[in-house]
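One structure below.
Residue numbers start from 1 in every chain, and the chains themselves are labelled A, B, ... in the order their sequence lines are given, proteins ahead of strands. Note that these values count all heavy atoms, side chains included, but never hydrogens, waters or copies made by symmetry.
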Amino acid sequence: MKLFKNLLDSVKPHFEEGGKLHKYWPVYDGFETFLFVPGHATKKGAHIRDGIDLKRTMIMVVLALVPCLLFGMYNVGYQHYMATGQEGELMEMFLYGALKVLPLVIVSYTVGLGVEFGFCIAKGHGINEGFLVSGMLIPLIMPVEVPLWMVGLATAFAVVFGKEVFGGTGMNILNPALTARAFLFFAYPTQMSGNMVWVPTEGMPTVDGFTGATALGVAAESGGAGIPSLMESFIGIIPGSIGETSVIAILLGAALLLYTGIASWRVMLSMLIGGYLMAFTFNLLALNEYMKIDALHQLMMGGFMFGLVFMATDPVSAAQTNVGKWIYGFFCGVLGILIRVVNPAYPEGIMMAILFMNVMAPMIDHYVVQGNINRRLKRVKVKA
Amino acid sequence: MAASVKIRKGVDIKLKGSADQSIEATSSTTFAVKPTDFHGLNPKLELKVGAEVKVGTALFHDKYNNNMKFVAPVSGELVDIVRGEKRRILEVRILADKEMKYESFATSGWESFSSDQLKEVLLQSGNWPSIRQRPYDVVADPADTPKAIFVSAFDSAPMAPDYGFILKDRQADLQAGVEAMSKLTSGKVHISTRTGDNGVFGSLKGAVLHQVSGPHPAGNVGVQIHHIDPINKGEKVWVINPQDLAAIGKFLKSGQFDSQRVVALTGSKVNAPKYLSATIGSQVEALVSGKIDNNDARIISGNVLTGERVSMEGYLGFYNHQISVIPEDENPEFFGWIAPGFDKFSLSRTFFSWLTPGKTYDLGTSLHGEERAFVMSGQYEKVFPFDIYPVYLLKAMLTKDIEGMENLGVYEVAPEDFALCEFACTSKIDLQDIVRSGLDLVKQECG
């Protein structure tokens, strides 16, 4: 600890006002505050403050994502071994998956932080913590076979157009990670959907009956027949984006986020209700086989739960008011299932639904706040 | 019949160093009246350095209201006028006599005074500044007639003084104070106590009693007003601290300005936290010397959420009934963002301190992070018991959107109401400053 402090103190003068490297102060500051929570003291007002800061908040979300990351690594290996008909130990599968997944994570963080540092140096403001979470989310919502350069490109796009053009962390309208996903989905549809991207086969012969399609892909094509069972979807040993297949892993993350109070339970609960009601309504209509998939099963498939826990709850792009959160979450759920089931072009609708509701969130809040204002005005009339 | 108000939102921050119920006398040699205690005041001096003063002698008055006097709390010699930038008057210092001499004011037969006569004598005697008004949280304008006067008879801030204890023998003074206040308003005088703890306030006549339960900021008078009789545009409500209310009562009965207050000396840096009997404007050193551990300590006139930092050479604030002394904390914390944090208090449960809910903390002045853009939503709402959207109001204040502020409830809030939001803020934004400038702007534009 002392060593770090001495090291930092010895190079600090170069970065300070008048130093040769002053331009790169945000980089130094970023490293220093990463190692040490700075000893800034309050000046007035509330002389004592809550122990939490944005770094702590973001790290908690990253921790909540760790179960999904680990399970995703294992599942990538598992799917590979299953598809190619090899026998494998748990560790072998995990290591295979880790070698596939870690490069994506590294590329995402390197490119994202690189762009972020660049912006900070150019604009001379401090490094924000926001990308710590986005950098982990981006690889987790990618198919494992996505080329690394695409991840890099998408990440750069997300940081620049999803966040920095609006003024950086806290100012963005869209969820940056979903922006990255949507960018790739529309720019390179063949590498982002279909049957070839979810399970790495490395050109090896596959076992009979192997399709490589996700549950939603199967459902969209065959209308409900042949989809993984409810239990398989819940555990997550099915093809899909790296982090989104296992409901168990996602729920572990959700538990941490809810326990620490970082993510909004209102958004999570209302999205669950919205999604369930929509899927249940389709059950009642039952116009085709896809609509007949049990409502609960529907929610366990694809990115619904991952979107519910990690995407819709993004405090910046979601609705800000408590009433607004209920409405916002509810429609994320309804639209997610609606797009998924009704629109043949998108086998996964959650991403689109959340991005759409990101755009709607300020309007929802506007009407909620307007309601408060009207209540206040009514009070005056009653008195007068 | 006491009406009851239940506050659900908020938090009690349990800190080490609440005052024991014993009162120690103090004596200071120099005293100061600080025009800066009265927000927005333009002081005009009435005396020069060297003048002899008595208790109640006017030192300066409000430039826009010659009648509103600010008086000496002790008798003695005016020894110094401390000025700041642009010759702004910061302190008017007095060297006290051994024996107090008093100005006497004509208060006999005050019971039959008209509202104007009462105002006049309160203004002349220096008692008026005790009465503050909402909106804007400034000294009340004597030209107004408020729709109600509120007294919060308890303070819920960390380690706050217990007015029930301080005023337990002052029922007659309080009663006189209440009677005086009811002459000043067209409506009622409201007194709020903690549920189940009426004490000396329960038997006061001529006031509406309310019982308020819930965590801090339940004791904030703004919260009580909001739940009992909210302020609409164009309305004025006055507020007064219970100790000041008793002082006015005592003044009316005796004709002499009562400058004695009981102040709670609290905080983890205090050796034996207790109450001090002090005079308004006492020097901090005389109050705390020998009673605190002065190494790396921050002395705050007021409570830890809204008070003002003072030095040993500084003076007790006019409106403060508490001195808090807490550790100054400027040590960088190695990997602090991931440390378990058993000793950190947080409204989130990201620290393991959540496992010990009843614990009392020894919190220092660390900001615990750096200022950031606003990210987390719903944080302020948890500790802000108003039917107001705090974030939207703050944004209207930041963008100087006066109509937006009016619509969103600017008339009902004071900076102290945002103190807990400021405490809780992940992005470490100084909210009380924002609120203060918002209020100043609306006052300037809409009066």
Side-chain angles (χ1 to χ4, degrees), chain A residues 1 4-5 29 32-60 63 126 128-130 167-171 259-262 264 266 315-316 318-322 325 365 368-370 372-373 375-377 379-380 383-384, chain B residues 13 230 232-233 298 300 304-309 324 326 328-338 341 344-351 363-370 372-378 381 387-389 391-392 407-409 419 422-428 430-433:
Chain A
M1 178 179 154
F4 286 119
K5 190 77 203 149
D29 186 56
E32 188 185 24
T33 56
F34 178 78
L35 287 172
F36 294 92
V37 166
H40 298 173
T42 54
K43 295 191 175 63
K44 51 182 175 178
H47 296 265
I48 55 168
R49 298 296 176 98
D50 196 307
I52 197 167
D53 68 346
L54 205 53
K55 273 197 186 65
R56 183 100 182 169
T57 309
M58 293 298 174
I59 292 299
M60 285 295 147
L63 284 179
N128 269 221
E129 295 78 9
T169 302
M171 315 285 188
Y259 175 81
T260 52
I262 284 176
S264 164
R266 289 182 180 87
V316 175
Q320 310 273 315
T321 58
N322 284 344
K325 280 175 185 162
D365 283 334
V368 171
V369 172
Q370 203 58 46
N372 174 279
I373 291 171
R375 200 156 60 236
R376 195 173 297 283
L377 289 176
R379 198 171 76 192
V380 182
K383 288 253 165 168
Chain B
I13 305 165
N232 299 304
K233 186 178 177 178
R298 177 178 296 190
I300 299 159
V304 291
L305 291 174
T306 61
E308 197 168 326
R309 185 177 183 171
S324 310
I326 58 172
E328 194 70 68
D329 181 4
E330 286 183 311
N331 299 322
E333 196 188 355
F334 190 54
F335 280 113
W337 45 268
I338 198 70
K344 288 226 178 85
F345 182 82
S346 176
L347 296 174
S348 73
R349 294 180 205 145
T350 54
F351 297 94
L363 298 185
T365 59
S366 172
L367 192 58
H368 297 297
E370 298 165 286
R372 289 285 182 258
F374 183 76
V375 169
M376 297 302 288
S377 67
E381 284 82 351
D387 180 23
I388 284 175
Y389 284 99
V391 178
Y392 288 83
N407 285 337
L408 290 161
E422 185 171 273
F423 169 81
C425 185
T426 297
S427 300
K428 312 294 177 192
D430 286 337
L431 304 180
Q432 294 187 78
D433 275 357

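With a 4.5 angstrom heavy-atom cutoff, B:Thr350 touches chain A via backbone and side-chain atoms both. Contacts between A:Arg375 and chain B at a heavy-atom distance below 4.5 Å involve the side chain alone, from C-beta outward. Neither the backbone nor the side chain of B:Leu431 comes within less than 4.5 Å of any heavy atom in chain A. In this structure, chain A has a heavy atom under 4.5 Å from the backbone of B:Asp329, while its side chain stays farther away. Contacts between A:Ile373 and chain B at a heavy-atom distance below 4.5 Å involve backbone atoms as well as side-chain atoms. Only the side chain of B:Ile300 comes within less than 4.5 Å of a heavy atom in chain A; its backbone stays farther off. In this structure, no portion of B:Val391 lies under 4.5 Å from any heavy atom of chain A.
With respect to chain A, the highest number of heavy-atom pairs below 4.5 Å among B:Asp433, B:Ile326, B:Ile13 belongs to B:Asp433. Among B:Phe374, B:Phe345, B:Phe351, the residue making the largest number of heavy-atom pairs under 4.5 Å with chain A is B:Phe351. Your options are B:Leu408, B:Thr306, B:Leu363, B:Asp430, and the one with the most heavy-atom pairs under 4.5 Å with chain A is B:Leu408. When each of A:Lys55, A:Met58, A:Lys43, A:His47 is scored by its heavy-atom pairs under 4.5 Å with chain B, the top score falls to A:His47. Considering only heavy-atom pairs separated by less than 4.5 Å from chain A, the leading option among B:Gly378, B:Ser348, B:Gly341 is B:Ser348. The residue among B:Ser324, B:Ser427, B:Gly409 with the most heavy atom pairs within less than 4.5 Å of chain A is B:Gly409. Note on A:Lys325, A:Gln370, A:Met171: by heavy-atom pairs under 4.5 Å with chain B, the leading option is A:Lys325. Contact count versus chain A (heavy atoms, under 4.5 Å) is highest, among B:Glu308, B:Glu328, B:Glu370, for B:Glu370.
Residues forming a side-chain hydrogen bond (donor to acceptor under 3.5 Å, both in side chains) with A:Ser264 (at least two apart in sequence, or on another chain): none. Scored by the ring pair (Phe, Tyr, Trp, His ring centres under 6.0 Å) test, B:Tyr392 finds no partners at all (sequence neighbours excluded).
Atom CD1 in A:Ile48 sits 5.0 Å away from atom CG in B:Leu305 (nearest 0.5 Å). Between B:Asp387 atom CG and A:Arg379 atom CZ the span is 8.0 Å, to the nearest 0.5 Å. If you take NZ on A:Lys44 and CD on B:Glu422, they are separated by 9.5 Å, rounding to the nearest 0.5 Å.
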- Starting from the C-alpha separation in whole Å, work towards a yes-or-no answer on side-chain contact (heavy atoms from CB on, under 4.5 Å) for B:Met376 and A:Ile262. CA-CA 8 Å; B:Met376 297 302 288; A:Ile262 284 176; 4.1 Å; yes

- Under the side-chain contact (heavy atoms from CB on, under 4.5 Å) criterion, do A:Val368 and B:Tyr389 qualify, and how do the steps go? CA-CA 10 Å; A:Val368 171; B:Tyr389 284 99; 3.2 Å; yes

- Task: In sequence, state the C-alpha distance, the side-chain angles, and the governing distance for B:Val375 and A:Thr57, and then conclude on side-chain contact (heavy atoms from CB on, under 4.5 Å).
- Result: CA-CA 10 Å; B:Val375 169; A:Thr57 309; over 6 Å; no

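Taking all atoms of both residues into account, the shortest heavy-atom contact from B:Asn232 to A:Arg376 is OD1-O, 4.4 Å. Taking both residues in full, the closest heavy atoms of B:Ser346 and A:Gly51 are given as CB-N, 4.3 Å, listed atom of the first, atom of the second, then distance. Smallest separation of non-hydrogen atoms from B:Ser377 and A:Ala319: OG-O, 4.4 Å. Nearest heavy atoms, A:Ile52 versus B:Ala424: CG2-O, 4.5 Å.
Contact check on B:Arg372 versus A:Asp53 returns no salt bridge, with no Lys/Arg side-chain nitrogen under 4.0 Å from an Asp/Glu carboxylate oxygen.
For the residue pair B:Arg298/A:Thr42, the side-chain donor-acceptor check at 3.5 Å is satisfied.
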